[in-house]
Amino acid sequence: MDNSLITLLDDYWDNPVWFAEDMLGFKADKWQQDVLMALAQHPKVSIRSGQGVGKTGLESIALTWYLLTRPFPKVIATAPTKQQLYDVLWAEVAKWLVGSHVEKFLEWTKTKIYMKGYSERWWATAKTATRPENMQGFHEDYMLFVVDEASGVADTIMEAILGTLSGAENKLLMCGNPTRTSGTFYDSHNRDRDLYKTFKVSSMDSPRTSKENIAMLKRKYHEGSDPWRVRVLGEFPKGESDSLISLEVVEHATSKEVNISTDYTLHLGADIARYGDDETIIAPRIGGKVFDLQTYSKQSTMETVGCILRTADKFKSMYPQINRVKIKTDDDGLGAGVTDRLREVVREQRLGYEIIPIQNGSSAIEKDKYYNKASEMWDVIREELDSNFSNFLQGNEPTIQLPNDDKLIKQLSNRKYSVDSKGKIQIESKKEMKKRIGESPDRADAVIYSFAENSNTDLSLLRGGSIWG
């Protein structure tokens with residue numbers, strides 16, 4: 001073994017902070033120093049954080065330090081998606097290795113870094129957290145698992161990792177935004193806290209985060225909301241029983257593509273603005289995919305009708321397979337005028353579009369379960385989003401794709417509900433929600449409407465069958 005390599009093992013075995021600065025030129029923040037030193041002293045370390053605090057840099061330093069200061073180690077880096085693993089984490093590792101004092105010892109590929117002359121026994125590898133078997137079969141006296149975006153890794157995969165870590169010098173480093181209130185990552189900060197050295201890093205306290213970005217997030221999400229807690233404070237969602245749809249399932253639905261090549265109906269959900277600072281929203285949907293929302297403000301009835309019809313024309317041109325158009329309009333209050341005018345134009349121009357009025361306060365199909373139609377529509381979408389997330393955890397194809405729209409995510413994951421004395425589910429009113437978080441759920445409602453259907457003259461979502469129409 002090279003004498004200079006032996007020196008590395010001797011000098012930096014217990015001090016990854018010195019290693020980072022001396023060998024890689026990485027000057028760690030105070031919280032990064034604390035985490036690195038904890039990893040040197042403890043078998044399991046778990047960090048929950050806000051966005052942009054430097055956790056990817058920390059992971060890359062930890063991975064490289066362990067690889068170069070242990071004899072014949074195995075280092076396994078994993079993350080829920082290939083993009084996060086290869087384009088983010090693995091790229092960060094390469095960034096610090098190239099031109100460093102330790103570059104001469106190593107060779108690397110897209111998925112592996114190994115010690116020159118010891119490629120079979122001394123390496124680090126990248127494996128996506130998609131199947132438990134990807135994490136099994138690793139055994140070595142010195143082994144480190146680095147789990148990025150740990151909150152999004154399924155429990156079955158984390159169980160496989162924990163089962164592999166049987167050696168006295170085996171270690172686990174988990175990092176991520178705390179998006180879930182269940183699972184191994186959550187437990188590491190709660191019921192299993194005594195088994196881990198844990199840290200919480202707020203974006204507010206990190207010198208690496210953009211204060212402009214924090215100010216932007218503050219405008220988008222009020223400070224008491226779950227998105228603010230998760231993305232800025234590094235806190236788990238409150239997980240309150242009165243929050244109908246979880247942040248986790250909404251965010252997941254923005255990250256996966258669904259196939260719409262065999263879907264032939266265009267659905268347009270339209271929520272009509274009532275007040276000066278509210279928005280009129282058009283939500284286009286084909287199959288399980290909701291496209292980017294069309295937003296307008298301070299428009300007349302005629303202008304709104306024109307926007308809806310132009311959106312229909314645009315999507316028919318973009319997707320020639322469309323042979324049917326269904327327009328679902330908010331028919332309460334000012335929306336009634338839009339519904340009436342749409343019917344007139346469609347009839348006069350013989351467009352053949354189906355106009356479906358949405359009356360939130362009308363009776364639900366399942367009257368014994370829901371207080372009104374709005375409560376029913378929201379709860380059915382909750383079920384579909386939960387099912388979509390469960391499909392992912394089971395390795396199945398996604399069924400819903402939402403646009404990555406911060407306001408939409410906020411609104412969908414912040415609608416509260418209650419259960420009355422008769423056991424009926426009731427969502428809070430738009431007025432109550434606006435008072436609580438500073439905005440009405442215009443975008444969320446438009447998306448909800450896009451999934452609505454007409455059944456026996458009463459509005460419903462197609463429970464028990466295809467919801468795509």
Donor-acceptor under 3.5 Å ([X] side chain, [Y] main chain):
{"X": "Gln411", "Y": "Ala444", "value": "yes"}
{"X": "Lys171", "Y": "His42", "value": "yes"}
{"X": "Asn388", "Y": "Glu384", "value": "no"}
{"X": "Ser387", "Y": "Glu383", "value": "no"}
{"X": "Lys424", "Y": "Lys367", "value": "yes"}
{"X": "Thr125", "Y": "Thr111", "value": "yes"}
{"X": "Ser203", "Y": "Val232", "value": "yes"}
{"X": "Ser375", "Y": "Ile427", "value": "yes"}
{"X": "Thr164", "Y": "Ala160", "value": "yes"}
{"X": "Asp442", "Y": "Glu279", "value": "yes"}

Does the side chain of [X] reach to within under 4.5 Å of the side chain of [Y], using non-hydrogen atoms?
{"X": "Tyr371", "Y": "Glu376", "result": "no"}
{"X": "Pro207", "Y": "Asp29", "result": "yes"}
{"X": "Pro441", "Y": "Lys430", "result": "yes"}
{"X": "Met433", "Y": "Lys416", "result": "no"}
{"X": "Val45", "Y": "Cys175", "result": "no"}
{"X": "Pro398", "Y": "Asn391", "result": "no"}
{"X": "Ile47", "Y": "Trp31", "result": "yes"}
{"X": "Lys326", "Y": "Tyr353", "result": "no"}

Determine the minimum heavy-atom distance between [X] and [Y], stating which atoms define it.
{"X": "Asn134", "Y": "Lys127", "result": "O-CD, 3.3 Å"}
{"X": "Val147", "Y": "Glu59", "result": "O-OE2, 4.0 Å"}
{"X": "Trp378", "Y": "Ile245", "result": "CE3-CD1, 3.9 Å"}
{"X": "Ile157", "Y": "Pro132", "result": "CG1-N, 3.8 Å"}
{"X": "Arg341", "Y": "Thr301", "result": "CB-CG2, 4.4 Å"}
{"X": "Ser300", "Y": "Glu303", "result": "N-OE1, 2.8 Å"}

Would you please test Thr295 and Arg443 for side chain to side chain contact (heavy atoms under 4.5 Å, CB included) and show each step? CA-CA 8 Å; Thr295 64; Arg443 299 185 183 213; 3.8 Å; yes
Atom pair [atom1] ([X]) and [atom2] ([Y]), whose distance is rounded to the nearest 0.5 Å:
{"X": "Asn323", "Y": "Lys316", "atom1": "CG", "atom2": "NZ", "answer": "9.5 Å"}
{"X": "Glu251", "Y": "Ser413", "atom1": "CD", "atom2": "OG", "answer": "7.5 Å"}
{"X": "Leu58", "Y": "Glu92", "atom1": "CG", "atom2": "CD", "answer": "10.0 Å"}
{"X": "Leu268", "Y": "Ser450", "atom1": "CG", "atom2": "OG", "answer": "9.0 Å"}
{"X": "Met135", "Y": "Thr78", "atom1": "CE", "atom2": "OG1", "answer": "3.5 Å"}
{"X": "Arg48", "Y": "Phe236", "atom1": "CZ", "atom2": "CZ", "answer": "5.5 Å"}

Where do Arg382 and Asp379 land on the side chain to side chain contact (heavy atoms under 4.5 Å, CB included) test, with the steps shown first? CA-CA 5 Å; Arg382 175 196 62 76; Asp379 194 50; 2.7 Å; yes
When you check the side-chain N and O atoms of [X] and [Y], is any donor under 3.5 Å from an acceptor?
{"X": "Thr179", "Y": "Asn177", "result": "no"}
{"X": "Arg285", "Y": "Gln401", "result": "no"}
{"X": "Thr184", "Y": "Asp187", "result": "no"}
{"X": "Asp331", "Y": "Thr329", "result": "no"}
{"X": "Ser46", "Y": "Thr198", "result": "no"}
{"X": "Ser210", "Y": "Glu212", "result": "yes"}
{"X": "Asp148", "Y": "Gln84", "result": "yes"}

Criterion salt bridge (charged side-chain N to carboxylate O under 4.0 Å, His left out) on Arg436 and Glu428, from CA distance to verdict: CA-CA 10 Å; Arg436 182 170 56 80; Glu428 69 180 333; 2.4 Å; yes
[X] atom [atom1], over 12 foreign heavy atoms within 6.0 Å:
{"X": "Met302", "atom1": "CE", "answer": "no"}
{"X": "Lys197", "atom1": "NZ", "answer": "no"}
{"X": "Glu397", "atom1": "CD", "answer": "no"}

Go through the steps for Asn190 and Asp192 under the test side chain to side chain contact (heavy atoms under 4.5 Å, CB included), then give the verdict. CA-CA 6 Å; Asn190 292 275; Asp192 295 335; over 6 Å; no
Cation-pi check for Tyr86 against Lys110: NZ or CZ below 6.0 Å from the six-membered ring centre and within 45 degrees of the axis, yes or no?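 Judged by the rule, Lys110 and Tyr86 form a cation-pi pair.
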Establish, for the pair Arg324 and Tyr264, whether the NZ or CZ atom is under 6.0 angstrom from the six-membered ring centre and no further than 45 degrees off its axis.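 Not satisfied by the 6.0 Å and 45° rule.
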Any salt bridge between Asp271 and Lys328, counting N to O under 4.0 Å? no
Measuring centre to centre across the rings, with the benzene-like ring taken for any Trp, is Phe291 within less than 6.0 Å of Tyr319? yes
Quick one: which of Lys434, Lys431, Lys410 gives a salt bridge (charged side-chain N to carboxylate O under 4.0 Å, His left out) with Glu439?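 Testing Glu439 for a salt bridge (charged side-chain N to carboxylate O under 4.0 Å, His left out) against Lys434, Lys431, Lys410 leaves exactly one candidate, Lys410.
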Positive for side chain to side chain contact (heavy atoms under 4.5 Å, CB included) with Leu351, one of Asp313, Ile327, Val325, Leu309: Leu309
Decide yes or no on side chain to side chain contact (heavy atoms under 4.5 Å, CB included) for Tyr196 and Leu172, but give the supporting numbers first. CA-CA 9 Å; Tyr196 293 80; Leu172 170 65; 4.1 Å; yes
